[in-house]
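Notes to accompany the following structure.
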Amino acid sequence: MTEGLSPSRQVEILREGAVQLIEEGELLDRLERASREGRPLRVKLGADPTAPDIHLGHAVVLRKLRQFQDLGHQVYFVVGDFTGRIGDPSGRSDTRPLLTEEQVRANARTYERQIHKILDPERTRVVFNHDWLGRLSFAGVVQLAAKYTVARMLERDDYSRRFKAGVPVYIHEFLYPLAQAYDSVHLRVDVEIGGSDQTFNFLATREIMRDYGLEPQIVLTLPLLEGLDGVEKMSKSLGNHVGIADRPQEVYGRLMSIPDPLIPRYFELCTGAGPDQVAAMVQAMARGDLNPRDAKARLAAEVVRLYHGDEAAREAAEEFDAVFRRGDLPSEVPDYRLDPAELEGGRVGLARLLALTGLAASASEARRLLAQGGVRVDGGVVAGEGTKVRPRDGMLLRVGKRKAVRLRLGTCTIRDD
RNA sequence: GGAGAGGUACCCAAGUGGCCAAAGGGGGCAGACUGUAAAUCUGUUGGCUGACGCCUUCGGAGGUUCAAAUCCUCCCCUCUCCA
C-alpha cells in the first residue's frame with residue numbers, strides 16, 4: 001500500500017509508463033483538492049462485453065489502475081453492455097453480435113473474476129452503462145449529439161481513414177464516442193484511463209463534460225501492447241493474445257513464440273521490470289552474453305508467475321523444455337474413445353481416425369498431414385495417405401509437436417447421449 | 001432521384017465462357033533447420049475417397065449454354081460524383 005503519498009509523488013507514480021497524461025497540472029490540482037476533501041478520485045475504465053477474456057494488453061491498463069487503487073482511489077469498471085451493441089468502430093469489426101441480457105451478465109462475471117487477479121475488489125465498482133444509456137430518450141440523444149460537430153468527429157483517424165478509403169462509416173458509429181462520453185458525465189469521472197487508441201474518445205469526452213457543466217476528466221493513456229505477431233495490437237479476435245486466465249503452459253508457450261525484437265517491449269509492459277533492467281538485458285543480448293531464447297524463457301516464466309504463482313511458472317518451463325527441446329510428450333494427453341462402429345475388420349483409415357479425434361479438422365486435412373510426414377503413431381512417422389491402422393487401447397496419435405491423443409477402446413460402449 | 005464503380009475462399013486481391021477448387025500476398029498448418037512455438041527455407045491450405053473421380057463454393061434468386069466466377073434478368077448491399 002502506498003496510500004497517503006503526497007499529490008506530487010502520486011503524479012510521478014501515475015504518469016510512469018503513460019503515453020499521454022492530459023493534463024499533468026490538472027491531475028496534481030485534482031489530487032490536492034481530493035486530498036483536502038478527504039475523497040478518492042473516481043477513475044474509469046470502459047470494457048467491451050463481447051470478448052470477456054482479459055489478456056496481457058488489458059493488463060497493462062489494469063496494472064496502472066491498480067496503482068491508482070494502491071494510492072487510495074476508486075475504480076469504476078464500466079461494462080459497455082449498451083455501447084457494445086453500438087459496435088466498436090475501431091478496427092475491422094463490422095457489426096457486433098447482439099448480446100442477450102444473460103450473455104452480458106455472464107461475461108461481466110467472467111470479467112470480474114479475471115480483473116480481481118489484478119485489481120483490488122474493495123476499490124472496484126463494476127457498473128453497466130445500459131443502466132443510464134438505456135434510459136436516455138431520443139431527445140436526450142439528440143441533445144448529446146448536438147454537443148459535437150461532424151468535422152471534429154472526422155478528425156478521428158479511424159473514421160477519416162476509412163472514409164477516405166471508401167470503407168463504409170455508419171452514422172451510429174458517431175454515437176459511440178458520444179455514448180462513452182456520457183458514461184463519464186453520468187459517473188462524474190475524475191480520470192479516465194485506457195489504451196492510446198482511445199485518445200480521441202477521451203478528449204471528446206472532456207469537451208462534452210465541459211458542455212454539461214462538469215470539470216473535464218483527466219486523460220491517461222497507456223501503450224498498446226503488440227500481439228504475438230508483433231504487428232497488430234493484441235486482441236482476442238486476431239488470435240494473437242495471451243489471456244491472463246489461460247493455462248500456465250499456454251501462457252508460457254505463447255510467450256515463447258513472440259518474435260525476438262518484441263522481447264524488451266514485453267518485459268517493459270507485461271512485467272514489473274524497470275527501464276534500467278530492460279536496457280541491461282538488451283545490451284546483454286546485443287553482446288551475445290544473453291541468448292534471446294533464455295530472455296524469452298525468463299519473460300514467459302515471469303508472466304506466468306505474476307498470474308499463476310511460482311510453482312506454475314516452474315512447471316510450465318519444465319513442460320515447455322520437455323515438449324519442444326526434447327520432443328517429449330505433452331504432460332496432458334487427452335483420451336479419445338473410439339466407437340467400434342468405425343472399425344471395418346478391426347481396422348480404420350488413419351485419415352478418418354485423425355479427423356474423428358480432432359487432431360485434424362477433416363479427413364482431407366489429415367491426408368495432407370500424412371503426406372507431409374506430420375503424423376506419428378506410437379512414435380513412428382506414418383506417411384501413406386491411405387494407411388489403415390488396427391487401433392488398440394492406449395495407441396498414441398500425434399500431429400506436429402503439440403497435438404496428441406491417446407486412443408481408448410472400451411469393450412462396453414454404452415452411450416446415453 | 002441521376003450517372004458511374006464494385007461485392008471472389010479466413011483476410012487482401014487477380015481472374016470477364018471451358019486449361020478454375022479459382023493466380024499472387026497475408027494468415028494458418030506441417031516439414032527441415034535452430035536457440036524456442038523466433039528467424040529462414042520448403043510444402044500445404046473446400047469436402048468425400050485407397051485411388052480414378054465425385055460433390056459443394058466466386059453477394060442472392062432465376063435464366064442462356066454441351067459448359068458460367070465469367071453472358072442475360074430481377075433483387076440485396078457498399079463506394080464515388082451530381083442533385
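Convention: sequence-line order gives letters A, B, ...; per-chain numbering from 1.
Screening residues 368-378 of chain A for salt bridge (Lys or Arg N to Asp or Glu O under 4.0 Å), with sequence neighbours left out, gives A:Asp378-A:Arg392. Residue pairs meeting the side-chain hydrogen bond (donor to acceptor under 3.5 Å, both in side chains) criterion with at least one partner in residues 140-151 of chain A, sequence neighbours excluded, are A:Lys147-A:Asp211.
With hydrogens and angles ignored, a donor-acceptor pair closer than 3.5 Å exists between the side chain of A:Gln372 and the base of B:rG43. Side-chain to base pairing of A:Asp229 with B:rG26: no donor and acceptor N or O lie closer than 3.5 Å to each other.
Nearest-nucleotide mapping onto RNA chain B: of A:Gly349 and A:Asp260, the residue sitting toward the 5' end is A:Asp260.
Ionic pairing of A:Arg408 and A:Asp393 is present here: one or more N-O contacts between side-chain nitrogen and carboxylate oxygen are shorter than 4.0 angstrom. A salt bridge does not link A:Asp190 with A:Arg42: none of the charged nitrogens is closer than 4.0 Å to a carboxylate oxygen.
Looking at heavy-atom distances under 4.0 Å, A:Ser362 makes contact with sugar-phosphate atoms alone, never a base. Counting any heavy atom pair closer than 4.0 Å across all strands shown, A:Gly400 reaches sugar-phosphate atoms only and no base atom. A:Tyr170 comes within 4.0 angstrom of sugar-phosphate atoms only, judged by non-hydrogen atoms across all strands, and of no base. Residue A:Arg402 is classed as a base contact, given a heavy-atom separation below 4.0 Å to a base. Contacts of A:Pro259 with the nucleic acid, taken as non-hydrogen atoms under 4.0 Å apart, involve only primed sugar atoms and P, OP1 or OP2.
Remark: the backbone N or O of A:Gly243 is not paired with any side-chain donor or acceptor of A:His241 at under 3.5 angstrom.
Atom OH of A:Tyr252 and atom C1' of B:rA37 are 12 Å apart (whole Å). Put simply, CG on A:Asn240 is 16 Å from C1' on B:rA38, counting in whole angstrom units. Residue A:Phe320 contributes atom CZ, which lies 8 Å from atom P of B:rU36 at whole-angstrom precision.
A side-chain donor from one of A:Gln69 and A:Thr124 sits under 3.5 Å from a side-chain acceptor of the other.
For the segment residues 299-314 of chain A, no residue has any heavy atom less than 4.0 angstrom from an atom of RNA chain B.
Between B:rU16 and B:rA69, the two P atoms lie 13 Å apart (nearest whole Å).
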